[in-house]
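One structure is given below, encoded as C-alpha cells.
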2 protein chains.
Amino acid sequence: MSRNLTDRQREILTLIADLTRDKGYSPTYQELADRLNIKSKYAILKHVDSLVKKGYIEKDSSARTIRIVHPDFAISNATDYTIPLVGRVAAGFPVLAEENVERYVSIPREMIKSEGRYFALKVRGDSMINAGIFENDLVVVQSANKAYNKDIIVALVDDEVTVKRLINDNGSAYLKAENDAYPDIHPRGDWSIQGKVVGLIREMMH
Amino acid sequence: MSRNLTDRQREILTLIADLTRDKGYSPTYQELADRLNIKSKYAILKHVDSLVKKGYIEKDSSARTIRIVHPDFAISNATDYTIPLVGRVAAGFPVLAEENVERYVSIPREMIKSEGRYFALKVRGDSMINAGIFENDLVVVQSANKAYNKDIIVALVDDEVTVKRLINDNGSAYLKAENDAYPDIHPRGDWSIQGKVVGLIREMMH
DNA sequence: TGTTTAAATATACAATAGTACACCAAAAAT
DNA sequence: ATTTTTGGTGTACTATTGTATATTTAAACA
C-alpha cells in the first residue's frame with residue numbers, strides 16, 4: 001500500500017485534526033459522518049482504517065481514541081524535533097522517499113548541530129558493536145552524499161541500507177565493519193553514501 | 001463551593017492529566033476507577049462533577065471528552081521532554097538535588113515509558129563498553145531505589161555516581177562492570193541505587 | 001451528640017460508539 | 001477487459017460509556 005493519501009482521505013484527516021484542535025478530543029465516526037454528510041459510519045471506519053494502515057494516525061478499539069501521528073497534520077504546535085524513521089528501503093526509491101518512512105521519532109534537540117535533512121535508522125545486526133552501536137539502536141543520520149575518512153556513515157549498497165565506517169584509502173573508498181567477525185565491504189556495483197551518523201539513541205527494556 | 005481541591009480530587013485530576021498525556025486522549029470513568037481500585041464508576045463521576053464545578057476541567061456528555069482547563073494541570077503542548085543532567089554530585093546531597101543539576105537536556109519522548117522522575121548522566125570512563133555504553137554517552141535514568149538482577153543501574157558509592165550492572169547474587173548485591181579490565185565492586189560502606197538506565201543518547205563529533 | 005460532607009459500593013439502564021456483513025457504484029490499476 | 005481500490009448505504013449487534021438511585025462508611029464539623 002502506498003503512503004499517499006487520496007483526496008477524500010486527506011479531507012477526512014484534515015477534518016479529524018480540525019475537530020480535535022477545536023474540541024480538545026478526537027471525534028467519533030458518527031460525528032465525522034455527520035460533518036461530511038455521509039449516511040453510514042462504516043464509510044468513515046474504512047477511511048480511518050486506511051489512515052492507520054498508511055501510518056498517519058493511530059487508534060485503539062474504543063471511543064474517541066484517534067491520535068494523529070504524522071507531523072504534517074499534528075495537533076500541537078510542538079517545538080519537538082521529529083525526524084522520519086526509515087524502515088526497509090524500497091528498491092529504486094531514494095532513502096528519504098516517503099515510501100520508505102515507517103514513522104516519525106522525536107530526537108533530542110541538541111543532536112541537530114547544523115542545518116540539513118535528518119533521518120533515523122534502526123540498526124540491524126551486530127557489525128558495529130566495537131563502535132558501541134548495537135542491534136535495535138536508533139542512529140540519527142544527517143543526509144549527505146559524501147563524508148570524511150573514518151566517519152560512520154549510512155550507505156546504500158544493492159538496495160540495502162547499512163551502517164559502516166567509511167575508509168578513504170587514497171581514492172578507493174570502502175566500508176569497514178566495527179566487528180572483527182565481519183569483512184570489509186568493497187562494493188563492486190552501484191553504491192552511495194546516504195548520510196553521516198551524528199547520533200545514537202537506545203531504549204533499554206524495562 | 002470552594003475552589004480548593006480535596007486530596008482525592010487532586011489525585012484524580014493528576015491521574016487524568018497523566019493518562020491524557022500518556023495515551024493522547026482522555027480516560028473514561030471506568031479506566032479511572034480501575035487505576036484507583038475503585039469498584040464503582042459513580043464515585044469517579046461525582047469527583048469529575050466536582051472538578052467541573054470547581055472549574056478545573058470541562059466535559060461534554062460523551063465518552064472521553066474531559067478537557068483540563070486549569071493551567072496547573074494543563075497538558076503541555078510542548079511535547080519536548082527535558083530532564084536534568086546531573087553533573088558532579090555534591091557530598092551529602094541527593095543525586096536529584098538542585099545543587100547537582102548541571103543543565104537540562106531534551107530527550108526523545110519515546111524514552112519515557114512510565115511515570116516517574118528521570119535524570120540524565122554523562123558517562124565517565126570505559127567500564128561499560130561491552131554493554132555499548134561509551135565515555136561521554138548520556139544515559140537516561142529513571143529514578144528508583146531498587147532494581148532487578150542484571151539491570152543496568154546508577155549507584156551512589158562513596159559520594160560518587162557510577163553506572164554498572166546490578167548483580168543480585170541471592171541476597172548479597174554487587175556491581176559489575178561490562179569491561180574485563182575492571183573488577184566487580186562489592187561496596188563495603190553505604191551505597192544506594194539511584195535509578196535504572198532506560199535509555200542512552202550519544203552525539204557523534206562532526 | 002447529632003449533622004454534614006466526602007468517598008465508595010451495588011445495581012440498573014439508555015444512549016453512544018465501534019464493529020461486522022451484504023451490497024452497490026464509480027474510479028483506478030492491471 | 002477485468003480486477004482492484006476507493007467511496008458509500010443500510011442494517012444489525014454488542015460492548016462501552018455516561019448517568020441515575022439507593023445505601024454504607026468514615027471523617028469532619030459544630
Side-chain angles (χ1 to χ4, degrees), chain A residues 1-16 19-20 22-70 73 90-93 98-99, chain B residues 1-16 19-20 22-69:
Chain A
M1 174 183 288
S2 112
R3 215 103 296 200
N4 294 330
L5 298 177
T6 65
D7 288 350
R8 196 53 159 165
Q9 286 166 0
R10 179 172 300 273
E11 187 183 7
I12 290 176
L13 178 50
T14 305
L15 180 60
I16 293 173
L19 289 175
T20 304
D22 217 50
K23 288 284 193 177
Y25 46 80
S26 136
T28 64
Y29 294 165
Q30 190 59 61
E31 287 168 358
L32 290 168
D34 290 347
R35 284 292 288 258
L36 295 163
N37 277 318
I38 290 174
K39 304 284 167 54
S40 176
K41 291 187 289 184
Y42 189 59
I44 301 292
L45 182 144
K46 284 201 292 186
H47 283 304
V48 167
D49 281 353
S50 300
L51 289 170
V52 169
K53 280 211 190 75
K54 293 185 179 181
Y56 283 79
I57 63 178
E58 289 175 359
K59 76 174 290 295
D60 296 329
S61 300
S62 181
R64 301 185 190 281
T65 57
I66 298 174
R67 283 145 292 153
I68 298 178
V69 294
H70 195 289
F73 297 85
F93 288 103
E98 209 171 335
E99 281 76 9
Chain B
M1 175 182 285
S2 108
R3 211 102 300 195
N4 293 331
L5 299 177
T6 65
D7 287 351
R8 197 51 159 167
Q9 284 166 1
R10 178 172 301 272
E11 187 183 6
I12 290 175
L13 178 50
T14 305
L15 180 59
I16 292 173
L19 289 176
T20 304
D22 216 51
K23 288 284 194 176
Y25 47 81
S26 136
T28 64
Y29 294 165
Q30 190 59 60
E31 287 167 357
L32 290 169
D34 289 346
R35 283 294 287 257
L36 295 163
N37 275 319
I38 290 174
K39 304 284 165 54
S40 175
K41 292 186 290 185
Y42 189 58
I44 300 292
L45 183 142
K46 285 203 293 186
H47 281 121
V48 167
D49 281 352
S50 300
L51 289 170
V52 170
K53 281 210 190 75
K54 293 186 179 180
Y56 282 80
I57 62 177
E58 289 174 0
K59 75 174 289 294
D60 297 329
S61 299
S62 179
R64 303 186 189 279
T65 57
I66 298 174
R67 281 144 294 154
I68 297 178
V69 293

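Worth knowing before you read on, the calculation uses all heavy atoms, side chains too, and leaves out hydrogens, waters and symmetry mates. So you know, we letter chains A, B, ... as the sequences are listed, proteins then strands, and number each from 1.
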Handout entry: Check: A:Lys46 main-chain N/O paired with A:Ser50 side-chain donor or acceptor under 3.5 Å
Key = yes

Practice task
Starting from P on C:dA6, measure out to CD on B:Glu11 and report it in whole angstrom.
Solution key: 17 Å

Exercise for the section: Would you kindly give the CD-to-P distance between A:Gln30 and C:dT19, to the nearest whole Å? Expected result: 14 Å

Fill in the blank from the handout: Within residues 38-49 of chain A, those residues having any heavy atom closer than 4.0 Å to DNA chain D are A:Ile38, A:Lys39, A:Ser40, A:Tyr42, A:Ala43, A:Lys46, A:His47

Exercise for the section: First locate atom CG of B:Asp49, then atom CD1 of B:Ile44, and finally report the distance between them rounded to the nearest 0.5 Å. Expected result: 11.5 Å

Problem - Set of residues satisfying salt bridge (Lys or Arg N to Asp or Glu O under 4.0 Å) with respect to A:Arg67, sequence neighbours excluded - result: A:Glu58, A:Asp60

Problem - Between P of C:dA6 and NZ of B:Lys53, the distance in whole Å - result: 10 Å

Handout entry: Whole-Å distance separating the CG atom of B:Asp7 from the P atom of D:dA28
Key = 10 Å

Handout entry: B:Asp60 CG - C:dA15 C1' separation (whole Å)
Key = 15 Å

Exercise for the section: Please state how far atom CG in B:Leu32 lies from atom C1' in D:dG18, giving the value in whole angstrom units. Expected result: 13 Å

Completion exercise
Angle separating the five-pair end axes of the helix from C:dT1-D:dA30 to C:dT30-D:dA1, nearest 10°, is 40°

Fill in the blank from the handout: Among D:dT17, C:dA7, C:dG18, the one nearest any side-chain atom of B:Arg64 is D:dT17

Exercise for the section: Give a yes/no answer on whether the side chain of A:Thr28 brings an N or O atom under 4.0 Å of OP1 or OP2 in C:dT16. Expected result: no

Completion exercise
d(B:His47 NE2, B:Ile57 CD1) to nearest 0.5 Å is 11.5 Å

Practice task
To the nearest 0.5 angstrom, please state how far the CD1 atom of B:Ile68 sits from the CG atom of B:Leu51.
Solution key: 9.0 Å

Using the 3.5 Å cut-off, write out each protein N or O paired with an N or O of nucleotides 25-29 of chain C and the distance between them.
none

Problem - From OG1 (B:Thr20) to CG (B:Leu15), nearest 0.5 Å - result: 8.5 Å

Problem - Distance test, side-chain N/O of B:Ser50 to OP1/OP2 of C:dA6, below 4.0 Å - result: no

Fill in the blank from the handout: Closest to the side chain of A:Ser62, out of D:dG18, D:dT16, C:dG18, is D:dT16

Could you go through residues 35-43 of chain B and list every donor-acceptor pair under 3.5 Å that involves a side-chain atom there, pairing it with any protein atom two or more places apart or in another chain?
| residue | atom | partner | partner atom | Å |
| --- | --- | --- | --- | --- |
| B:Ser40 | OG | B:Tyr42 | N | 3.2 |

Handout entry: Point-to-point distance, once rounded to the nearest 0.5 Å, from OG1 of A:Thr14 to CZ of A:Arg10
Key = 7.0 Å

Problem - Phosphate OP1/OP2 of D:dG8: any A:Arg8 side-chain N/O under 4.0 Å - result: yes

Handout entry: Below 4.0 Å: OP1/OP2 of D:dT19 and any side-chain N or O of B:Ser61
Key = yes

Handout entry: Rounded interatomic separation in angstrom, taking CG from B:Leu36 and P from C:dA7
Key = 12 Å

Practice task
Go through the structure and list residues passing side-chain contact (heavy atoms from CB on, under 4.5 Å) with A:Thr28, not counting sequence neighbours.
Solution key: A:Gln30, A:Glu31, A:Arg64

Exercise for the section: Output yes when at least one side-chain N/O atom of A:Gln9 is less than 4.0 Å from OP1 or OP2 of D:dG7, else no. Expected result: yes

Completion exercise
Rounded to whole Å, the OH-P distance (B:Tyr29 to C:dA14) equals 20 Å

Exercise for the section: For the pair B:Leu19 and B:Leu32, evaluate side-chain contact (heavy atoms from CB on, under 4.5 Å) and give the outcome as yes or no after the intermediate values. Expected result: CA-CA 9 Å; B:Leu19 289 176; B:Leu32 290 169; 3.9 Å; yes

Handout entry: Rounded distance [0.5 Å steps], NZ in B:Lys59 versus OG1 in B:Thr65
Key = 4.5 Å

Handout entry: Residues forming a side-chain hydrogen bond (donor to acceptor under 3.5 Å, both in side chains) with A:Lys23, sequence neighbours excluded
Key = none

